[in-house]
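Below is one structure, written out as structure tokens, with a few remarks after it.
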2 protein chains.
Amino acid sequence: MNSFTEENYLKSIYMLSQQGKNITTNAIANYLNTKASSVTDMLKKLSAKKTIHYKKYQGVSLTKSGSETALKIIRKHRLWETFLVEKLNFKWDEVHDIAEQLEHIISPELTNRLEKFLDNPKFDPHGDPIPDKNGNISQQKNIAIADLNKNESGKIVGVKDSSASFLQYLENEHLVLGSKVKVLDKFDFDNSVLVNVNNKSKLTISNHVSSNLFVNKAVR
Amino acid sequence: MNSFTEENYLKSIYMLSQQGKNITTNAIANYLNTKASSVTDMLKKLSAKKTIHYKKYQGVSLTKSGSETALKIIRKHRLWETFLVEKLNFKWDEVHDIAEQLEHIISPELTNRLEKFLDNPKFDPHGDPIPDKNGNISQQKNIAIADLNKNESGKIVGVKDSSASFLQYLENEHLVLGSKVKVLDKFDFDNSVLVNVNNKSKLTISNHVSSNLFVNKAVR
DNA sequence: AAATATTTTTCGGCTTATCTAAAAATTATA
DNA sequence: TATAATTTTTAGATAAGCCGAAAAATATTT
């Protein structure tokens, strides 16, 4: 049995590992808004429970068991987010904090019934894939924004050209890791694309930008 | 801000006060499956936070503030139970443990939207009244089962004739405090009544029994 | 490679909630 | 009304999780 806190650490480690980086104590502390010393304490505990691989000073990774636990929590989080948006009419950017609480409710039967009630959704309102009851999560390949069709959307997962000025531009336009991008229109004459960022700002991006920004396509 | 634990104590005190008894340390310990010394510790804490009235050795009662908190938790508990039964098709006797978890989710907006989603129910699946957003809870007067009409149901809240043999009979038939009773049919010739107990057993009870057993009528 | 900077861990201490055992207060009984 | 039984509180411990400061390890500069 894992405490809420343990669950949050496992989930954080999973999330950080998705971003490709190697997972350091500081990265976790930063992600969880806590102190490095607290993280070290917990890493020892999780290691003792065999949910993570941990060697002092060497960073961490999830074990099979830890990964399964993390996926269960993420499954619940994303199903509840879907519920909040689809059934209770919350906006997609209002649901995270509530789902952070709901993800810790323990009842596999509840989770499975909720999934069915929602019509077995494959993606949550942010476009993130929902793991199934066996922990399988659809890993769609990352494609360039340039390859999205009109009205398709995705979540930014990577950048190819990573010059400082390019990253600066992306930062300014909120085209950062995790942002949701929807293609509103595509223009033939210069291959530029009109996109909606995070359901908030609209902007036109050049072919250079759209070819170098990779997203996880959200398929419904 | 109250911890889960504090919320559980406040709810327990509210529940026990509903049963008329005066609320002792041991009663709370027994209700919460914990030790008297733990209860004393918490009573001091709650008293310091002015959610209960507490004098050493003299038992406790809720303050205005404590009562408001308790009612908010009970409101959430009963709304979630309704959700689980009405929307996710759980049986009414399967939902308690899950609702014990869900009742601690903090988001007034969520609670209010859930209420609306469920069509503003006034009673939960057990027949208990659901407090409204201002903490008002419908206190219907207790009536004898004999005075229920066909198809009405209620929850047992008290007994008039309390001879040992009568109580023994009630115990045997699960006609105990908190049981849900639904009147399936009423017979003129001897004023006996066919009832369904806890959605499980059916039995015919005499007029003597139905006149001495009081329920909280569940009005939908 | 030595010096310096950064990251990570250790150490001691704090808070919350729990428990057992013993002491104090209350209630019941003889 | 003393004595006994019960209830409640106190005192001292424990475990989880968190923190700041100091020490240790690793990474970066010079």
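By convention in this document, chain letters (A, B, ...) are assigned in the order of the sequence lines, proteins followed by strands, and residues within each chain are numbered from 1.
- A donor-acceptor contact under 3.5 Å links the side chain of B:Ser37 to the base of C:dT20.
- Going from atom NZ of A:Lys56 over to atom C1' of D:dA25 covers 10 Å, rounded to whole Å.
- Between A:Lys35 atom NZ and D:dA22 atom P the separation is 16 Å, expressed in whole Å.
- Summarising the geometry, the separation between OH on B:Tyr57 and C1' on C:dA23 is reported as 8 Å, rounded to the nearest angstrom.
- Per the geometry, NZ belonging to A:Lys55 stands 16 Å off C1' belonging to D:dA25, to the nearest Å.
- Checked against the 6.0 Å centroid threshold, B:Tyr14 and B:Tyr9 do not count as a close aromatic pair.
- Judged by a 6.0 Å distance limit and a 45° cone about the ring axis, A:Arg113 is positioned over the six-membered ring of B:Phe90.
- Between the CG atom of A:Asn2 and the C1' atom of D:dA16 there is a distance of 14 Å, given to the nearest Å.
- A donor-acceptor pair shorter than 3.5 Å can be found between the side chains of A:Ser179 and A:Asn198.
- The shortest distance between the side-chain N/O atoms of A:Thr40 and the OP1/OP2 oxygens of C:dT9 is below 4.0 Å.
- Using a 4.5 Å heavy-atom threshold, the side chains of B:His208 and B:Phe166 count as touching.
- Regarding A:Gln58, its CD atom lies at a distance of 6 Å from the P atom of D:dT26, rounded to whole Å.
- Close to C:dT9, at under 4.0 Å from its OP1 or OP2, lies a side-chain N or O of A:Tyr54.
- Protein atom NZ of B:Lys44 is 8 Å distant from nucleotide atom P of D:dT9, rounded to whole Å.
- With DNA chain D read from its 5' end, the first of the two nearest nucleotides for A:Ser3 and B:Thr25 is the one closest to B:Thr25.
- Protein atom CG of A:Leu46 is 13 Å distant from nucleotide atom C1' of D:dA16, rounded to whole Å.
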